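Quick caveat: nothing in here was measured; it's all calculated off a predicted structure.
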Number of protein chains: 2
Amino acid sequence: MMLYRPFENRLNSLLTKHQLQRAQWTILYYLYHFGPTTLVEIAAYQGVEKPTVTRTINQLEEYGYVEKIPSMDKREKKMKITNEGERIYKKIRIPIDQFEMEILEGITPEEQEECIRIFDSIKSNL
Amino acid sequence: MMLYRPFENRLNSLLTKHQLQRAQWTILYYLYHFGPTTLVEIAAYQGVEKPTVTRTINQLEEYGYVEKIPSMDKREKKMKITNEGERIYKKIRIPIDQFEMEILEGITPEEQEECIRIFDSIKSNL
DNA sequence: TTAAAATAGTTATCAATGGTAACTAATATA
DNA sequence: TATATTAGTTACCATTGATAACTATTTTAA
């Protein structure tokens, strides 16, 4: 809980160098790792409401980091990461990986796995 | 990370019934458990900047949940929780405890301890 | 088959928190 | 004693998050 704020500050200080914010970053992360998806999926992933995602996606679209692709369901707005988006993702990934390694220093992979497992359990209870 | 938003939403939905927000709640929690303290201490605890705490404390002061007490250091604004503050804290504590038990279902006390330990490690690395 | 319900996304608006810069007053340090 | 640091304040700005209301499309129920 109290860990969130310092973590986000540090993360945002890394992202600011590329004119990005955490909300935008997590969408790039998602699209890079899981592939094209809809806004409602992103909202579920981020745990926020649809209008919030609309705005953030629009920002990323303006930057040219994401684009819309066709979908069979005419209601959907299916988004994919662009080549430019992948480029910026990989670029930012480097200092962020560094940051993550720093904060995880002294914690074994087993411990990390354990924590992730506990978090998944909490998430399903939420 | 993605757990934060749903958690905060749930927490805030419980707090809203008493016209409180998460930031205010964590200050009440701190004062209740750790006793009177200064604004700079609270800022450290919450991982935020001083002006943010100033505002939140002022809100709580208006509600009558906290009050200023004398301090040797004339710069300091040492705050304590009032009786009213304790009353509201105990009242809200009940549904929040319930909520926490729900999300922690299936997780043993040992696992919880483990996670807290890992978090402390991460915090010191931040 | 058709109407009602549900879903995806949008727009507009508001609330809350968080940050920074600049400042004053008090305390600590050189 | 002068300078540096600290505690707190004020003002302002940015971002994210939510809700309400809505349109268009798809799904479901009658």
Participant: Does atom NZ of B:Lys68 have more than 12 heavy-atom neighbours, drawn from other residues, nucleotides or ligands, at distances under 6.0 Å?
Facilitator: yes

Participant: Can you check the B:Met79 CE to D:dG8 C1' distance for me, whole Å?
Facilitator: 12 Å

Participant: Rounded to the nearest Å, what distance is computed from the CE atom of residue B:Met72 to the P atom of nucleotide C:dT27?
Facilitator: 9 Å

Participant: Rounded to whole Å, please give me the gap between CD in A:Gln46 and P in C:dG9.
Facilitator: 14 Å

Participant: Tell me whether the count of non-hydrogen atoms from other residues, nucleotides or ligands lying under 6.0 Å of CD in A:Glu84 goes above 12.
Facilitator: yes

Participant: Below 3.5 Å, does any donor atom in the side chain of A:Lys50 face an acceptor in the base of C:dG9, or the other way round?
Facilitator: yes

Participant: Once you apply a heavy-atom cut-off of 4.0 Å, does B:Thr56 come out as touching a base, just sugar-phosphate, or nothing?
Facilitator: nothing

Participant: Where the side chain of A:Arg55 is concerned, which of C:dG9, D:dA18, C:dA8 is the nearest nucleotide?
Facilitator: D:dA18

Participant: Under 4.0 Å between a side-chain N/O of B:Thr52 and OP1 or OP2 of C:dT17, yes or no?
Facilitator: no

Participant: Give the nucleotide from the list C:dG19, D:dT25, C:dA26 with an atom nearest to the side chain of B:Asp73.
Facilitator: C:dA26

Participant: How close or far is atom P of D:dG17 from atom OH of B:Tyr4, stated in whole angstroms?
Facilitator: 10 Å

Participant: Using the closest heavy atom to pick a nucleotide of DNA chain D for each, name whichever of A:Arg75 or A:Gln21 lands nearer the 5' end.
Facilitator: A:Gln21

Participant: Does the side chain of A:Lys77 get closer than 4.0 angstrom to OP1 or OP2 of C:dT10 through an N or O atom?
Facilitator: yes

Participant: Is it the case that the side chains of B:Arg87 and B:Asn83 hold a donor-acceptor pair, with the cut-off being a distance below 3.5 Å and no angle test?
Facilitator: no

Participant: If only atom types and distance count, is the side chain of A:Thr52 paired as donor or acceptor with the main-chain N or O of A:Val48 below 3.5 Å?
Facilitator: no

Participant: Measure from the side-chain heavy atoms of A:Thr54 and tell me the nearest of D:dA18, C:dT11, D:dT6.
Facilitator: C:dT11

Participant: A:Gln24 CD to D:dT16 C1': how many Å, rounded?
Facilitator: 11 Å

Participant: Start at the 5' end of DNA chain D and walk down; is the nucleotide closest to A:Pro51 or to A:Lys74 reached first?
Facilitator: A:Pro51

Participant: CD of B:Gln19 versus P of C:dA15: gap in Å, rounded?
Facilitator: 15 Å

Participant: Of all the choices, D:dA7, C:dG9, D:dT9, which nucleotide is nearest to the side chain of B:Glu76 once you look at every atom?
Facilitator: D:dA7

Participant: On the side chain of A:Arg5, is there an atom forming a donor-acceptor pair with the base of C:dG18 - under 3.5 Å, no angle test?
Facilitator: no

Participant: Figure out the CG/P separation between B:Leu11 and C:dA16, and round it to whole Å.
Facilitator: 15 Å

Participant: Are any of B:Asn9's side-chain N or O atoms less than 4.0 Å away from OP1 or OP2 of D:dG17?
Facilitator: no

Participant: What integer distance in Å separates A:Ile57:CD1 from D:dG17:P?
Facilitator: 13 Å

Participant: Let's go through A:His33 and A:Tyr89 carefully: what are the C-alpha distance in whole Å and the side-chain angles of both, what is the deciding distance for side-chain hydrogen bond (donor to acceptor under 3.5 Å, both in side chains) to 0.1 Å, and is it a yes or a no?
Facilitator: CA-CA 11 Å; A:His33 283 274; A:Tyr89 173 81; 2.8 Å; yes

Participant: Main chain of A:Gly85, side chain of A:Thr82: is a donor-acceptor contact present, judged purely on distance under 3.5 Å?
Facilitator: yes

Participant: Heavy atoms from C-beta onward define the side chain here; which of D:dG17, D:dT10, C:dT17 lies closest to that of A:Arg22?
Facilitator: D:dG17

